[in-house]
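Every heavy atom of this structure was used, including side-chain atoms; hydrogens, water molecules and symmetry mates were not.
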Amino acid sequence: MGHDGPKIGQVALRFGANDFGSLMMEENVVSSAGTTWRMTLPEMQRLIADAGYQPVRRRQDYTLLGAAA
């Protein structure tokens, strides 16, 4: 995500994104692109909440696992 990545993620939520971060099934895709950004779950939850949304965890089929924060 780079230095501005977290802020861009928050803006993306305002424009309709429904997923701040997701499970990468193939990590080699990300690393092959030269991306090395890592973000912790608590940081992701804080950024989502700071953007005015309630962070929740879900399965890949979009069933909710419950509130994350």
Atom of Gln45, atom of Pro55 and distance for their closest heavy-atom approach: O-CG, 3.8 Å
Point-to-point distance, once rounded to the nearest 0.5 Å, from CZ of Arg57 to CG of Leu41: 5.5 Å
Closest heavy-atom pair and its distance - Gln10, Asp50: NE2-CB, 3.7 Å
Nearest atoms (heavy-atom pairs only) where Leu13 meets Tyr53: O-OH, 3.5 Å
Side chains of Leu65 and Arg59 in contact at under 4.5 Å (non-hydrogen atoms): yes
Side chain to side chain, Leu47 and Lys7, heavy atoms closer than 4.5 Å: no
Note, Arg58 side chain near Thr63 side chain (heavy atom, < 4.5 Å): no
